[in-house]
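To keep things clear, I will list the structure first and then write my remarks on it.
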There are 2 protein chains.
Amino acid sequence: MDTSLQAFLQSQSSPLNAHLMESIQTQEITPTLKDAMMYSLEAGGKRVRPMLLLAVLEEFKQPLERGYDAACALEYIHTYSLIHDDLPAMDNDDLRRGKPTNHIVFGEATAILAGDALLTEAFALISQSPHYTPVQKVELIQLLSRAAGAPGMVGGQLMDIEAEGKTVDLLHLQKIHALKTGALLKFSIDAGALLANADERDRVALCTYAEAIGVLFQIQDDILDVEASSEELGKTAGKDQVQEKSTYPALLTVHGAKHERDRYFRLALDALRQIGKDKGLLEAFANYIAYRGN
Amino acid sequence: MDTSLQAFLQSQSSPLNAHLMESIQTQEITPTLKDAMMYSLEAGGKRVRPMLLLAVLEEFKQPLERGYDAACALEYIHTYSLIHDDLPAMDNDDLRRGKPTNHIVFGEATAILAGDALLTEAFALISQSPHYTPVQKVELIQLLSRAAGAPGMVGGQLMDIEAEGKTVDLLHLQKIHALKTGALLKFSIDAGALLANADERDRVALCTYAEAIGVLFQIQDDILDVEASSEELGKTAGKDQVQEKSTYPALLTVHGAKHERDRYFRLALDALRQIGKDKGLLEAFANYIAYRGN
């Protein structure tokens with residue numbers, strides 16, 4: 001990984017994690033529910049989405065403190081989606097980020113409720129933030145609810161389930177991914193641009209970058225499911241084939257998927273060239289997402 | 001039922017239902033998900049929460065159009081909570097409002113996602129409303145997210161599950177209900193008062209009324225579970241005893257529960273007397289909630 005990106009991620013990891021936990025920890029919440037919410041938040045992962053949001057603020061030389069509440073709301077949404085996705089009725093996963101999934105530890109009912117609570121908390125956190133004007137709060141909530149809800153992530157998740165066991169063409173696969181994983185990744189960039197007061201030209205370029213990042217993320221996810229071990233991934237490898245999921249490697253071969261990945265990586269860099277700001281961090285982020293090992 | 005309340009409910013039923021459906025119908029949502037969301041919304045029910053919100057506006061002589069978006073958001077939250085509560089991992093109910101529950105019709109995965117989507121849509125609808133100022137949107141979202149989330153309804157739902165099969169005292173039972181059903185009922189009054197620009201004295205009185213209404217709703221719910229048939233209720237009667245739930249009749253006998261209900265009804269009316277506005281509709285609403293037959 002690029003050393004400046006590594007330094008940035010390391011410097012932001014502790015404050016971001018502290019903020020993520022504190023917003024839940026300080027509330028009066030019945031203990032089992034609080035434990036279940038904290039468990040999946042603490043299980044961690046790479047925090048790609050909130051870090052992308054913070055990276056946009058960094059590139060635009062804005063105070064990062066301004067990004068934390070939106071970044072944590074985003075991570076709450078991402079975490080809830082993982083808890084629900086792992087349920088027996090959905091992907092039925094026992095392992096996530098190298099740890100037993102939420103319903104394995106707390107039972108299904110509590111896992112469903114912990115997901116519901118994290119989803120709701122995302123909007124509570126933004127609406128109560130001391131860092132945003134009412135207009136910014138409303139814009140953030142509009143963006144996040146659209147990205148996370150039926151016209152975004154949840155819709156994509158349903159399309160993904162419906163596509164299991166079916167042959168799906170590349171266009172349809174990209175539509176699924178654009179909603180299922182792309183919408184929330186795009187929110188991280190959109191929210192960063194909004195909070196950085198980026199001008200219209202920069203926002204358009206960042207939007208293109210965000211869309212390319214979303215595709216890159218998914219292609220590499222599919223490639224890793226084929227090529228990496230469960231140990232490397234911290235989750236069950238090879239599941240796509242078992243579940244007969246349409247993936248980039250399944251449609252294009254692994255070689256073809258890698259070719260497509262390289263093409264989107266170049267698209268992401270091209271978009272960044274349109275921006276009149278430093279962009280080394282966002283370049284490094286694209287590189288990391290495209291070529292990560294887990 | 002009081003005739004003026006009946007006339008009010010009848011006059012508002014069609015526009016409210018139309019608004020509830022239209023906000024989902026007009027969006028680009030993948031068909032199965034949209035169907036599942038609409039199915040549970042159309043299953044209807046009494047719309048107690050949105051109607052309470054509108055009734056506050058009516059008493060304060062405010063245009064009711066102002067209430068629809070908040071009322072629909074509230075009903076989305078209520079509907080999502082029913083879909084998730086009915087899941088096999090939770091209450092495992094096959095019947096709701098006289099119709100098969102969401103997961104019976106669409107399967108568990110889709111039911112979970114339809115619930116997630118409705119929950120998210122509640123915040124989308126308020127944030128996009130043309131009827132509220134940014135400050136009103138933020139206040140509504142703060143109130144709603146707190147009432148619906150971990151410190152409110154979801155927390156109460158978890159406490160309710162944990163109390164199954166245990167002996168719980170009246171104070172703990174009231175805490176559970178204050179969160180599980182009370183918080184969202186209270187939001188309907190709070191949001192109405194906010195949108196009606198009620199003054200501080202009226203808001204305090206309405207708050208007391210709302211808390212009494214919440215208790216009344218639950219006591220009568222418990223009584224009906226004992227005394228009414230599944231046909232009358234449109235859901236399985238007698239479930240509380242089967243699930244060994246702590247209820248008012250279980251703790252106080254049916255006779256004692258009815259005595260408590262009458263006491264809270266008087267408390268609700270006392271609170272209304274503090275308000276310097278018409279309150280016939282809210283009186284009739286309390287009467288309806290306390291003595292309803294299903």
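We name chains A, B, ... by the order of the sequence lines, and we start the count at 1 in each one. Below, all heavy atoms of this structure are taken into account, side chains as well, without hydrogens, waters or symmetry copies.
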- Within residues 164-176 of chain A, contacts to chain B at heavy-atom distances under 4.5 Å involve A:K175
- Item | Side-chain touch B:R146/A:Q128, heavy atoms, less than 4.5 angstrom | yes
- Task: Answer with side chain, backbone, both or neither: which region of A:M37 has an atom nearer than 4.5 Å to a non-hydrogen atom of chain B?
- Result: side chain
- Message: Can you tell me how far apart CG (B:L113) and CE (A:M159) are? Round to the nearest 0.5 Å.
- Response: 13.0 Å
- Here the gap from B:I112 atom CD1 to A:L87 atom CG, rounded to the nearest 0.5 Å, amounts to 5.0 Å
- Note on the structure: Here the gap from A:K137 atom NZ to B:E139 atom CD, rounded to the nearest 0.5 Å, amounts to 10.0 Å
- Query: Taking every heavy-atom pair that is under 4.5 Å apart, which of A:A150, A:A124, A:A117, A:G149 has the most such pairs with chain B?
  - Reply: A:A150
- Message: Please identify, among B:M153, B:E121, B:Q157, the residue contributing the most non-hydrogen atom pairs under 4.5 Å to chain A.
- Response: B:Q157
- Message: Closer than 3.5 angstrom, by distance alone: can the side chain of A:Q142 be matched with the main-chain N or O of B:S127 as a donor-acceptor pair?
- Response: yes
- Task: To the nearest 0.5 angstrom, please state how far the CZ atom of B:F106 sits from the CG atom of A:L158.
- Result: 10.5 Å
- Item | Closest heavy-atom pair and its distance - A:V135, B:P134 | CG2-CG, 4.0 Å
- Most contact-rich option vs chain B, by heavy-atom pairs under 4.5 angstrom, among A:P151, A:G115, A:G156, is A:P151
- Which atoms of A:I141 come close to chain B, meaning under 4.5 Å heavy atom to heavy atom: side chain ones, backbone ones, both, or neither? both
- Task: Classify the angle between the aromatic ring planes of B:F123 and A:F123 as parallel (below 30°), tilted (30 to 60°) or perpendicular (above 60°).
- Result: parallel
- Query: Quick one: are A:T120 and B:I77 in side-chain contact, heavy atoms under 4.5 Å?
  - Reply: no
- Honestly, the part of A:E162 sitting under 4.5 Å from a heavy atom of chain B is side chain
- Between A:V154, A:D116, A:I24, which has the largest tally of heavy atom pairs under 4.5 Å with chain B? A:D116
- Query: Residue by residue, which of residues 27-35 of chain A have a heavy atom closer than 4.5 Å to a heavy atom belonging to chain B?
  - Reply: A:Q27, A:E28, A:I29, A:T30, A:T32, A:L33
